[in-house]
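This report refers to the structure that appears directly beneath it.
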Amino acid sequence: MPATPVTYTFLGPEGTFTEAALMQVPDAGGATRIPASNVNAALDMVRDGSADAAMVPIENSVEGGVTATLDAIASGQELRITREVLVPISFVLVARPGVRIDDIRRISTHGHAWAQCRLWVDVNIPGAEYVAGSSTAAAALGLLDGDAHYDAAICAPIVAQEQPGLTVLAENIGDNPGAVTRFILVSRPGALPERTGADKTTVVVPLPEDRPGALMEILDQFATRGVNLSRIESRPTGQYLGHYFFSIDADGHIADARVADALAGLHRISPATRFLGSYGRADAQSSSVPQHTSDEAFRAAHEWVEQILQGE
Ligand SMILES: O=C(O)C(=O)Cc1ccccc1
């Protein structure tokens, strides 16, 4: 039976780094791809069924978490991360033909791109003002509108290559040449990706209130089971001042006994804990598992308790 065609959405328009991430998904090239104007719109298309999966940015090696994504997947109808993709990032400065660097007063781009080019801008275009853009490509294409209220944009090299109306004024303007952004592919809940042996699990844990040591207890669930964390960020829930959740990436798959046991512990401490997915690591690097937290050690321990309960 032929596989059902998949419709993807992504933070658009065409030419974003997010589109480059989507194109790393094996079947995306031949699939229907619908650009969304922001992360929330992309995730809502998955929630309402108009797309099967959304590619969105989640974390950058220079600027940290993409808060719009962390917040949007932490609440609302549940979603699952099924894949992660890493994209090396390089930025160019573009403007309409005839504009020189000395003419530039206002620059638009995505907030994460601005944060990664700030030092270059300070040195080369001192005093330039930032105009927030919904994505790098949206900022660049906006220059082609007659009424753009900025003079230049920071975007991926591919946007300028494909738009004769834009010229590149400077290349490789990122402050950190090794910058990498991590993107996630998000679907509605369904069968989990198979365990690969080099996996990651993402959870959202609301911090229980008025409970001294709650964060320590949460971290302890991972530590005592030998589960390494690769990202932990606190975000305000937005409900009222001082109410936070933690967004956490842990090494391993929920099918690994130590991860399942840690997640069960989180659920006891914070029952509104949300499982966001177990999926293969983009770098395929497996982490070492201490013998006493291996699946076999958990199996033997449960069997031992069971035998005692059976009166053996
Ligand atoms: O705006 C884009 O092109 C995106 O895909 C978001 C983004 C912005 C800056 C760095 C990485 C991803």
Side-chain angles (χ1 to χ4, degrees), residues 8-25 28 33-46 51 53-73 81 83-95 106-121 128 130-145 148 150 152-163 166 168 170-186 231 233 247 282-283:
Y8 292 102
T9 181
F10 62 96
L11 171 64
E14 280 173 26
T16 58
F17 293 106
T18 311
E19 187 191 34
L22 178 58
M23 295 311 282
Q24 286 192 32
V25 175
R33 299 186 302 276
I34 308 172
S37 54
N38 58 59
V39 167
N40 270 308
L43 297 180
D44 282 347
M45 283 179 68
V46 177
M55 185 66 81
V56 289
I58 186 166
E59 181 186 10
N60 184 273
S61 58
V62 180
E63 186 56 12
V66 178
T67 52
T69 303
L70 295 175
D71 294 349
I73 54 175
I81 303 169
R83 179 189 282 268
E84 68 169 5
V85 171
L86 301 178
V87 177
I89 302 288
S90 102
F91 299 104
V92 295
L93 180 75
V94 298
R106 289 156 73 86
I107 303 174
S108 184
T109 191
H110 187 277
H112 267 241
W114 181 250
Q116 290 175 65
C117 301
R118 217 160 4 206
L119 297 180
W120 185 93
V121 172
Y130 171 54
V131 176
S134 56
S135 72
T136 54
L141 298 179
L143 285 167
L144 304 173
D145 295 346
Y150 49 91
I154 294 172
C155 62
I158 188 160
V159 182
Q161 281 156 21
E162 293 184 355
Q163 287 296 337
L166 295 175
V168 174
E171 288 179 300
N172 287 321
I173 65 169
D175 301 325
N176 186 326
V180 172
T181 295
R182 187 175 151 237
F183 298 82
I184 50 172
L185 190 65
V186 177
R231 184 183 61 83
E233 285 172 84
S247 174
D283 61 8

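Atoms within a ligand are numbered from 1 in the order they appear, just like the ligands themselves. In this chain, residues are counted from 1 in sequence order. Keep in mind that this is a model prediction, so the values were computed, not measured.
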Kindly indicate whether the side chain of Leu11, heavy atoms from C-beta on, has any atom under 4.5 Å from the side chain of Met55.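 In short, these two side chains do not touch, never coming nearer than 4.5 Å.
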
Residue pair Arg83, Val25: steps toward the side-chain contact (heavy atoms from CB on, under 4.5 Å) verdict: CA-CA 9 Å; Arg83 179 189 282 268; Val25 175; 3.8 Å; yes

Answer with yes or no whether the side chains of Arg231 and Ser247 bring together a donor and an acceptor at under 3.5 Å. yes

Taking atom types as modelled, find out whether Asn38 and Ser134 have a side-chain donor-acceptor pair closer than 3.5 angstrom. no

Value rounded to 0.5 Å, distance of CD1 in Ile58 from CG in Leu185: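 It is 12.0 Å, given to the nearest 0.5 Å.
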
Are there any N/O pairs under 3.5 Å between ligand 1 and the protein, and if so, what are their distances?
from, atom 1, to, atom 2, distance (Å)
ligand 1, 1 (O), Thr136, N, 2.7
ligand 1, 1 (O), Thr136, OG1, 3.3
ligand 1, 3 (O), Phe17, N, 2.9
ligand 1, 3 (O), Thr136, OG1, 2.5
ligand 1, 5 (O), Phe17, N, 3.3
ligand 1, 5 (O), Thr18, N, 2.9
ligand 1, 5 (O), Thr18, OG1, 2.5

For the pair Phe91 and Phe17, name the ring-plane relationship: parallel under 30°, tilted 30 to 60°, perpendicular over 60°.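 Aromatic pair Phe91/Phe17 classed perpendicular.
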
